[in-house]
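Reading through the structure tokens given below for one structure.
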Amino acid sequence: MAFAHTCSVALVGVDGVIVEVQADLEPGVAAFTLVGLPDKALTEARDRVRAAVCNSGEAWPQRKLTVGLSPASVPKSGSGFDLAVACAVLAAAERLDPSSIADLLLIGELGLDGRVRPVRGVLPSVLAAADAGYDRVVVAEQTAPEASLVPGVTVIGVRSLRQLVAVLTGAVEPDEPSERIGGRPDPLMAGLMLPSAGARGLSDDRTLRLDMADVAGQYEARRALEIAAAGGHHLYLKGPPGAGKTMLAERLPSLLPPLTQKEALEVTAVHSVAGLLPVGRPLIDTAPYCAPHHSTTMPAIVGGGSGLPRPGAVSLAHRGVLFLDEAPEFPVRVLDALRQPLESGEVVIARSAGSLRLPARFLLCLAANPCPCGRYSRRGEGCECTPAMVSRYQGRLSGPLLDRVDLQVQVAPVTRIELMERDATAESTETVAARVLAARERAAARLEHTPWRTNAEVPGHELRTRWQLGAGALNDAARQLERGLLTARGLDRVLRVAWTVADLAGRDRPDQQDVRTALVLRTGVEQGFPLSDRVHGRLGSLPAQRRRGPDDDWPGKRTESAANDEEAV
């Protein structure tokens, strides 16, 4: 009897489980049995491995062969076990020294000709190997840069099974030429990167070339976008068609700071498992952007699929932006499924085959028209929808969902002057992103010895006890809470936004005006002066903004009654 073993990794979501691959040869009728709860793709490894071994110039053992994947209780899927199975069989047949592969972890698919093909999920697999104490990993040559992102692990990139046998036996490595012909992409990469599923995370992506200065007008919405990026606050843009809601949302990812090393590894691991890791880009260090269509199903949003679930849009947007355009058109069940990840930053999915936890700390941006026709306003001009239609349309965004959205901004129609004339005061993306980065650094310094890094992550209890505001700063928020215009969760979110406004202004702690600004962005109820004065006027570093005419109807327009209310306060 001959026996050998090595190791590979089974992925459960974005977490890896070390699997011991054992091969046992016994006298008897030649047969190949694979046990250990394999799926269909893994069961077919018997034929792939046999053909790969024979076409690599090695002899296939003509005895009873049993390959076991342990622990047997963990579901195993995919073709990434091929390389480990082949090496275990060759070691059991005494072609390889069993001790040379005992402490080796192998990940890769085998072609029938013996070539090693890359598989998805290499980064989380190698991370799991490093956590388990493995310091040598063998992967396909194409995914070696991705595996090398894990510190403390020696990565061996191979192009074929013949080359790996030569490395393990100390023989001369055969020359394995590349299969690229006429500038075509490497055929071995086929299947490694699946269609984009609406996620983007490339440095040369067009979202990073979109400039905030291209947006005509919309000073209040642009400022809300800056606050959302600086504090990680969720944003709801509501307004008529053509007002610029989608333009603003597409420019939001470019305002976010570059990802830290830890965040980049988290994002890259998710995209690697989902098959969205760009070719030639082993590490995603910019905030991803995911904008699914409103017909997207719930499994595609929160994660799902046959067997163990795969990452959905909320996980693909981890550490980035999830944009839901035409939000009321999404199924209500899909929208309400976002409540848990908005609070916890992760999503837990349970299926009959098992349950898993996926990261989902994203910045949600919603965009919606005021009614089905899009022309509804307080003046009621041009809208053909009945009150029941308007109420039903707006009610598709539930109260509990909107209660988790920090910033709710009315995007007014663009005026002729704003659209036709060049605005010299419009700031570029680079300028705004620099202020966002400075505010993030200020918040990170304040939260240095805590598990949080942005204001949106800090629990309300900590904001009310550890970092207290000045005397009287919460008077307006307390009145809103008593009137029922603000919930307890809403009060916590107002505090978070107030801290972000203070960070952008360079103040040590929010004052009453910062809390008022947060209230306007939260409830839409004016506290005596327009948002442009409330925000732009309070931040001396910002340029003066162009004012609208006295007859323009806009959300921040100050009324005589509002001025009287302010004097009364």
Side-chain angles (χ1 to χ4, degrees), residues 149 199-215 221-235 248-271 278 281-291 314-323 342 345 359-365 406-407 427-458 493 496-507 521 535 539 541-542:
L149 296 173
R200 298 198 292 259
L202 291 169
S203 60
D204 59 348
D205 192 88
R206 72 181 189 92
T207 55
L208 298 184
R209 298 195 298 267
L210 299 176
D211 198 345
M212 287 286 291
D214 297 336
V215 181
R222 289 166 59 182
R223 183 56 181 164
L225 212 69
E226 179 180 343
I227 295 174
H233 306 289
H234 305 304
L235 176 65
L248 289 164
E250 288 180 340
R251 285 153 177 79
L252 181 55
S254 58
L255 300 182
L256 298 177
L259 301 178
T260 64
Q261 182 68 18
K262 179 181 178 181
E263 294 171 344
L265 288 177
E266 292 176 359
V267 173
T268 304
V270 174
H271 283 68
R281 181 77 183 278
L283 183 67
I284 298 178
D285 55 1
T286 57
Y289 174 78
C290 190
V314 296
S315 297
L316 297 177
H318 181 59
R319 302 296 181 183
V321 177
L322 175 62
F323 176 47
L342 286 178
R361 187 166 296 282
F362 55 89
L363 195 162
L364 176 65
C365 182
D406 301 350
L407 311 175
E427 295 180 313
S428 65
T429 295
E430 183 179 358
T431 302
V432 179
R435 284 201 303 269
V436 169
L437 180 60
R440 287 262 183 146
E441 292 175 348
R442 189 178 185 88
R446 183 175 63 252
L447 304 172
E448 183 177 3
H449 300 293
T450 69
W452 315 293
R453 288 296 173 265
T454 61
N455 293 323
E457 300 175 9
V458 183
R493 295 186 178 274
R496 296 170 183 172
V497 175
W499 274 103
T500 300
V501 175
D503 287 336
L504 285 168
R507 287 190 287 274
L521 293 170
V535 178
L539 303 182
S541 61
L542 293 181

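Hydrogens, waters and symmetry mates are skipped; everything else that's a heavy atom, side chains included, is used.
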Problem set entry | Derivation and outcome, side-chain hydrogen bond (donor to acceptor under 3.5 Å, both in side chains), residues Asn455 and Thr500 | CA-CA 7 Å; Asn455 293 323; Thr500 300; 2.9 Å; yes

Exercise. Is there a side chain to side chain contact (heavy atoms under 4.5 Å, CB included) between Leu322 and Leu363 once you walk through the steps?
Worked result: CA-CA 6 Å; Leu322 175 62; Leu363 195 162; over 6 Å; no

Problem set entry | Verdict with reasoning, Leu225 to Met212, per side chain to side chain contact (heavy atoms under 4.5 Å, CB included) | CA-CA 10 Å; Leu225 212 69; Met212 287 286 291; 3.8 Å; yes

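Residues Pro359 and Val270 meet the side-chain proximity criterion, which asks for heavy atoms closer than 4.5 Å. At a threshold of 4.5 Å between non-hydrogen side-chain atoms, the residues Leu407 and His234 do not count as touching. In this structure, Val321 and Cys290 have side chains that are not in contact, with every pair of non-hydrogen atoms separated by 4.5 Å or more. Contact annotation: the side chain of Glu427 approaches that of Arg435 to within less than 4.5 Å [non-hydrogen atoms, C-beta and beyond].
By the salt bridge (charged side-chain N to carboxylate O under 4.0 Å, His left out) test, Arg446 pairs with Asp503, sequence neighbours left out. Taking Arg493 as the reference, Glu343, Asp406 meet the salt bridge (charged side-chain N to carboxylate O under 4.0 Å, His left out) condition, with sequence neighbours excluded.
The one candidate from Arg361, Glu266, His271 that meets the side-chain hydrogen bond (donor to acceptor under 3.5 Å, both in side chains) condition with His318 is Glu266.
Here the side chain of Glu441 pairs no donor or acceptor atom with the backbone of Ala438 at under 3.5 angstrom. Side-chain N or O atoms of Arg507 include none that pairs as donor or acceptor with a backbone N or O of Leu504 at under 3.5 Å. The backbone N or O of Arg222 lies less than 3.5 Å from no partner atom in the side chain of Arg251, so there is not a single donor-acceptor pair. Between the side chain of Thr268 and the main chain of Ala264, a donor-acceptor pair closer than 3.5 Å is present.
Atom CG of Leu235 sits about 4.5 Å away from atom SG of Cys365, to the nearest 0.5 Å. Rounding to the nearest 0.5 angstrom, the gap separating the CG atom in Asp211 from the OG1 atom in Thr429 is 4.0 Å. Distance check: Leu316 CG to Phe362 CZ gives 11.5 Å after rounding to the nearest 0.5 Å. If you take CG on Leu437 and CZ on Arg440, they are separated by 9.0 Å, rounding to the nearest 0.5 Å.
Of all the heavy atoms in Leu259 and Ile284, the pair that sits closest is CD1-O, 3.7 Å.
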